[in-house]
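Here is the naming used below: chain letters follow the sequence lines, and residue numbers restart at 1 for every chain.
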Protein chains: 2
Amino acid sequence: MKKPNPPFMTGVPELLVLRLLAEREMYGYEIVRAIRLSSRDAIVLAEGVVYPLLHALDAKGMLTAKERKVEGRNRVYYRLSAKGHKRLDDLIGEWGRVQEGVHSLLEDPSRGSI
Amino acid sequence: MKKPNPPFMTGVPELLVLRLLAEREMYGYEIVRAIRLSSRDAIVLAEGVVYPLLHALDAKGMLTAKERKVEGRNRVYYRLSAKGHKRLDDLIGEWGRVQEGVHSLLEDPSRGSI
DNA sequence: GTATATTACCTATAGCCAATAGGTAGTCAA
DNA sequence: TTGACTACCTATTGGCTATAGGTAATATAC
């Protein structure tokens, strides 16, 4: 088996999925496409990443699922719960803090050594 | 045992360590402090993260180690190799791409759904 | 008619990063 | 001599994510 590429980041898939669902209800396959398109292929989450994540978030009460039949196909539409909104806010805050931290280290790494 | 916090990101510790060592040679304990200070506590990597990372990077030829005795204490000073510089460039590029991808999704998640 | 591509869902396995929790040893101040 | 700080280290655990599959329906092409 080929050695898998290293994961580039943790927590971000969850952040992105929650953010998309904060805008409107979506189904898994749609989320996979939206992340790929909206990030211009910078972030590509396979279905094997998104579906288990959705199930985990659902199990934690972060979102609600509703199955619907559209054009002969079953779709599971997800929607953010209040808990999911809270979680999203936390992740956005953490992302911002980390991003700033990385930025300051990349730009001026000597600041920490004074 | 307390449930450990989830990792907030992968590849970033490596990025930060390489970036610091690109500026000047440093030793492990100093790196731990520099990351904490320069990021204003946004990113705190314990010694148990940094030391194994340094050893792994050393084993991969990303950096060179030189032991030195300073004020009665042993310090292992690390320096970036050419390979390490290359790796740093790659990680900086990837960080930029991912950061932009996350940014566009956070700001305008509907772009991907047209 | 039957391949192929696309949509849409799913699970199992494996790898690796990082977080925790320890440990050793030297220096210095109270 | 106790505590605080410096400076190094390892073992274990856990969780995220990547891969690699699988099912089934629709639409298109040949």
Respond yes when some side-chain nitrogen or oxygen of [X] is under 4.0 Å from OP1 or OP2 of [N], and no when none is.
{"X": "B/Arg33", "N": "D/dT6", "result": "yes"}
{"X": "A/His55", "N": "C/dT11", "result": "yes"}
{"X": "B/Tyr27", "N": "D/dC8", "result": "no"}
{"X": "B/Tyr51", "N": "D/dC8", "result": "yes"}

Among [options], the nucleotide that comes nearest once only the side chain of [X] is considered:
{"X": "B/Val76", "options": "D/dT6, C/dT11, D/dC9", "value": "D/dC9"}
{"X": "A/Tyr78", "options": "C/dC10, C/dT20, D/dC16", "value": "C/dC10"}
{"X": "A/Arg75", "options": "D/dT17, C/dA18, C/dA8", "value": "C/dA8"}
{"X": "B/Arg73", "options": "D/dT10, C/dA18, C/dT27", "value": "C/dT27"}
{"X": "B/Val49", "options": "C/dA19, C/dT7, C/dC10", "value": "C/dA19"}
{"X": "A/Tyr29", "options": "D/dT6, C/dA8, C/dT11", "value": "C/dA8"}

Rounded to whole angstroms, how far apart are [atom1] on [X] and [atom2] on [N]?
{"X": "A/Leu54", "N": "C/dA8", "atom1": "CG", "atom2": "C1'", "result": "12 Å"}
{"X": "B/Glu67", "N": "D/dC8", "atom1": "CD", "atom2": "C1'", "result": "9 Å"}
{"X": "B/Lys69", "N": "C/dT27", "atom1": "NZ", "atom2": "C1'", "result": "12 Å"}
{"X": "A/Met26", "N": "C/dT7", "atom1": "CE", "atom2": "P", "result": "14 Å"}
{"X": "A/Tyr77", "N": "C/dT7", "atom1": "OH", "atom2": "P", "result": "14 Å"}
{"X": "A/Ile43", "N": "D/dC16", "atom1": "CD1", "atom2": "C1'", "result": "15 Å"}
{"X": "B/Ile31", "N": "D/dA7", "atom1": "CD1", "atom2": "C1'", "result": "12 Å"}

Distance-only donor-acceptor check, side chains B/Tyr77 and B/Arg75, under 3.5 Å: yes
Base, sugar-phosphate or nothing for B/Gly72? Non-hydrogen atoms, less than 4.0 Å. sugar-phosphate
Please say which of A/Lys86, A/Glu25, A/His85 ends up in a side chain to side chain contact (heavy atoms under 4.5 Å, CB included) with A/Leu80. A/His85
Assess whether a salt bridge exists between B/Arg87 and B/Glu14, defined as any Lys/Arg side-chain N lying under 4.0 Å from an Asp/Glu carboxylate O. yes
Any ion pair linking B/Glu30 and B/Arg24 (charged N to carboxylate O, less than 4.0 Å)? yes
Minimal heavy-atom distance between A/Asp108 and B/Ser38, with the atoms involved, is O-OG, 3.9 Å
For A/Ser39 versus B/Leu105, what's the shortest heavy-atom pair and its separation? CB-CD1, 4.3 Å
So for B/Glu47 and D/dC8, does any side-chain atom that can act as donor or acceptor lie under 3.5 Å from a complementary atom in the base? yes
For DNA chain D, whose closest nucleotide is more 5', that of B/Glu71 or that of A/Pro52? B/Glu71
Heavy-atom nearest nucleotide on DNA chain D taken for B/Gly28 and for A/Leu53; more 5' hit belongs to B/Gly28
